[in-house]
Amino acid sequence: MIARASQLFLPTLREPPADAEAASHQLLVRGGFIRQIGAGLWSFLPLGWRVHMRIEQIIREEINAIGGQEMRAPTLTPAELWETTGRIDVPILFHLEDSGGRPFVLSWTHEESMTFLAREIQSYKQLPQVWYHFSNKDRDEPRPRGGLLRVREFVMKDSYTFDADSAGLDAAFARHEEAYKRIFERCGLEAYLVEAESGVMGGKESKDFLAPTGSGENELMRCENGDYFADAEAARGAPPPAELPPALAAPELVATPGVGTIDELADFLSIAASATSKALPVVTGDRLVLALVRGDDKLSEGKLETFFEAAFRPATDEEIRAAFGAGGGSLGPVGVDVEVIADEALREGQYVAGANEDAKHLRGVRAGRDYEPTFADIRQAKDGDACPECGGTLHIETAIEVGHIFKLGTFHSQAFGATFLDEDGREKPLIMGSYGIGLARTMAAVVEQSHDENGIVWPQAVAPYDAHVVALPGAEEIAAQAAETLSEAGLDVLLDDRDQRAGEKFADADLIGCPLRVTAGRKSLEDGKVDVRDRASGVEKRLDVAELGKEA
RNA sequence: CGGGGCGUGGCGCAGCCUGGUUAGCGCGUUGGUCUGGGGGACCAAAGGUCGCCGGUUCGAAUCCGGCCGCCCCGACCA
């Protein structure tokens, strides 16, 4: 097909909007792909929607290929659907009422709707099932940002799998892993599958697809040797060894007047921060627990949450006094009647710890001798940590989460009574998985990874048009012929037939970023040809119009 | 929710501190002439409740108060 620029709604901008910072935000607005209508609320203009549709079609093909059945559930749902699972209290829900005052919720995900439907599954003979749809998700995000990177309404492809047993779930999960890899690869996006923290909402296992980019809200940790990738929140890096002073036979009390922070403590005692330990009293449910990490490490809230399988909060000053008999700056694991969760880094060696007496610390505190902790990996991984696979150096990069896949188990099916009769004649809850891809976010991630100072460089599979034909004065006819030839060869063509200067047309072509630019002008007309330029490489060659079809 | 910034024709900005004619500039838009391979030149023109409400004042884009919206950092985040 051929689209004529003179008739397209394609409002390109010479300058980026003042409020745009992320490259994808600037370029997609400047290129006339999207326009904002409120915080986190975006319209897709004709070009932007073409890209969106191409991504959608790639996803559709790949999910169909693993047996997915496309369907469609509504975004507007009765509130009782969410009361069934208790997720009515999730803070990002948009609540509304119909004219009769009945409560409704805008879906922010579709486990509830799909599980509701899955009650009609009766027998193991009907399993497995793989359902998916493309639908709007609405989320009352506390802070939308970065153009398409985090929004309040967006189209997600979400799949839901129903299996009779966990082996079936594992297989469905694995098939989605592979499908997602192919999807991102076809979109020309570099994305890595990493372990994610499943956090409070539980589930047995979840993995993220992270696309390294210049802007984003996630952090990808990767090994310099390419053998380990992880979400920095969940990464299992090993910290550099602690610089420890000589060991002591028993803990030794030392006065530390005026010392409040780890840095002050290390300075005061003339030791490295890594030779100290940091005690963080937290409350989960109704128990108070002391989390202990090395002085130069930070506690990973996600990891601790996963360890507890529950949310937690910092203990209050009163709770701390009551449990430790000392204030926040002098807490430690020795001689207290409190459960201690110590980070793995503290398994070996002796560290300085708070003495549970104000302004006093203990030197030479050793796990297993002076206190009995439960060990767990609860530290936040850092740039420079050692790779758990090969010992190489790990580095952190900014990334966008473009997909997330979950093994849900039976949480939703039990809530809805979505059961089936198994081979053994017993009624069992369906075993579920859910799998999401944000289309607009994928689009933004592609732009983040694929642009230069002049504009977007679309991978062909997701480009708004395959070729951009620039018609310069005096060569309108040959330009139209070129567009026709390309179109007949099966390409989607944007023909710039506007009465504009050459420079403006070239600038727009670079900005819009179609993979191929074909220019017909006086220069090329001299030998009856057109100039074909590759957007990515900038390589240009002069060809006969007739040759265009083959080239493309 | 905490911190910071911004709100003036379609876009990007100046003016505000120190209140005072018809609120400017660049780009874009419309008509015209010339031009024509990297955002060209000239002529003419259209287009603005200065975010909203209230207050101070003879007089408010400008000063004061409240509210709203948007962006960034943080908190939060399937």
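Letters A, B, ... are given to chains in the order of the sequence lines, protein chains preceding strands, and every chain is numbered from 1. Just so we're clear, the structure is a prediction, and the values are computed from it rather than from any experiment. As a basis for the values below, the full set of heavy atoms in this structure was taken, side chains included, without hydrogen atoms, waters or symmetry mates.
Residue contacts shown for A:Glu540 include a base, since a base heavy atom lies under 4.0 Å away. In this structure, A:Gln500 reaches the bases: a heavy-atom distance under 4.0 Å links it to at least one base atom across the strands shown. Residue contacts shown for A:Arg533 include a base, since a base heavy atom lies under 4.0 Å away. In this structure, A:Gly147 reaches neither bases nor backbone, as no heavy-atom distance under 4.0 Å exists between it and the strands shown. A:Gly436 comes within 4.0 angstrom of nothing in the nucleic acid, heavy atoms only. Within 4.0 Å of A:Pro11, counting heavy atoms only, lies no atom of the nucleic acid at all. Residue A:Glu111 is in base contact, counting any heavy-atom pair closer than 4.0 Å across all strands shown. Residue contacts for A:Ala507: at a heavy-atom cut-off of 4.0 Å it reaches a base atom on one of the strands shown.
Taking 3.5 Å as the limit, the base of B:G36 and the side chain of A:Asp499 contain a donor-acceptor pair of atoms between them. No hydrogens or angles were tested; on distance alone, a donor-acceptor pair under 3.5 Å links the side chain of A:Arg150 to the base of B:C77. You won't find any donor-acceptor pair under 3.5 Å spanning the side chain of A:Arg501 and the base of B:A41, going by distance alone. Remark: the A:Arg498 side chain and the B:G36 base include no donor-acceptor N/O pair separated by less than 3.5 Å.
Separation of the C1' atoms belonging to B:G36 and B:G20 is 49 Å when rounded to the nearest angstrom. For the P atom pair drawn from B:G15 and B:U57, the interatomic distance equals 28 Å after rounding to whole Å. Distance check on atom P: B:C58 versus B:G47 gives 35 Å, rounded to whole Å. Here the separation of B:G51 from B:C70, taken at their C1' atoms, is 10 Å to the nearest Å. To the nearest whole angstrom, the two P atoms, one in B:U62 and one in B:U18, are 14 Å apart. One C1' atom belongs to B:A75, the other to B:G2, and the distance between them is 8 Å to the nearest Å.
In this structure, A:Leu193 and A:Glu177 have side chains that are in contact, with non-hydrogen atoms separated by less than 4.5 Å. At a threshold of 4.5 Å between non-hydrogen side-chain atoms, the residues A:Ile66 and A:Arg182 count as touching.
RNA chain B is contacted by both A:Glu15 and A:His412; A:Glu15 maps to the nucleotide lying nearer its 5′ end (nearest heavy atom per residue). Projected onto RNA chain B by closest heavy-atom contact, A:Ser434 and A:Pro144 fall at different nucleotides, the more 5' of which corresponds to A:Pro144.
In this structure, A:Phe411 atom CZ and B:A78 atom C1' are separated by 12 Å, rounded to whole Å. Atom CE of A:Met432 and atom P of B:A78 are 17 Å apart (whole Å). Following rounding to the nearest Å, A:Asp19 (CG) and B:G7 (C1') show an atom-to-atom distance of 11 Å. One interatomic measurement links the two molecules: CD of A:Gln36 to C1' of B:G69, which rounds to 11 Å at whole-angstrom precision.
When both pairing distances are held under 3.5 Å, B:C1 makes a Watson-Crick or G-U pair with B:G74. Remark: B:G7 base-pairs with B:C68. Criterion, Watson-Crick or G-U wobble with two distances under 3.5 Å. When both distances must be under 3.5 Å, the Watson-Crick or G-U wobble mate of B:A14 does not exist. Under the Watson-Crick or G-U wobble criterion, with both distances below 3.5 Å, B:A44 is paired with B:U30. The base-pairing partner of B:C58, taking Watson-Crick or G-U wobble contacts with both distances under 3.5 Å, is B:G20.
Side-chain atoms of A:Lys137 and A:Ser135 form a donor-acceptor pair, as typed in the model, at a separation below 3.5 Å. A donor-acceptor pair shorter than 3.5 Å cannot be found between the side chains of A:Asp531 and A:Ser524. A donor atom on one side chain and an acceptor atom on the other are found under 3.5 Å apart for A:Thr161 and A:Tyr435.
In the set B:C72, B:A78, B:C13, B:C72 carries the atom at the smallest distance from any side-chain atom of A:Arg143. Candidate nucleotides B:A78, B:C73, B:C27 were compared by shortest atom distance to the side chain of A:Arg14, and B:C27 ranks first.
The two residues A:Ser166 and A:Ile431 make their nearest non-hydrogen contact at N-CD1, 3.7 Å.
Between A:Trp42 and A:His25, the distance from one ring center to the other falls under 6.0 angstrom.
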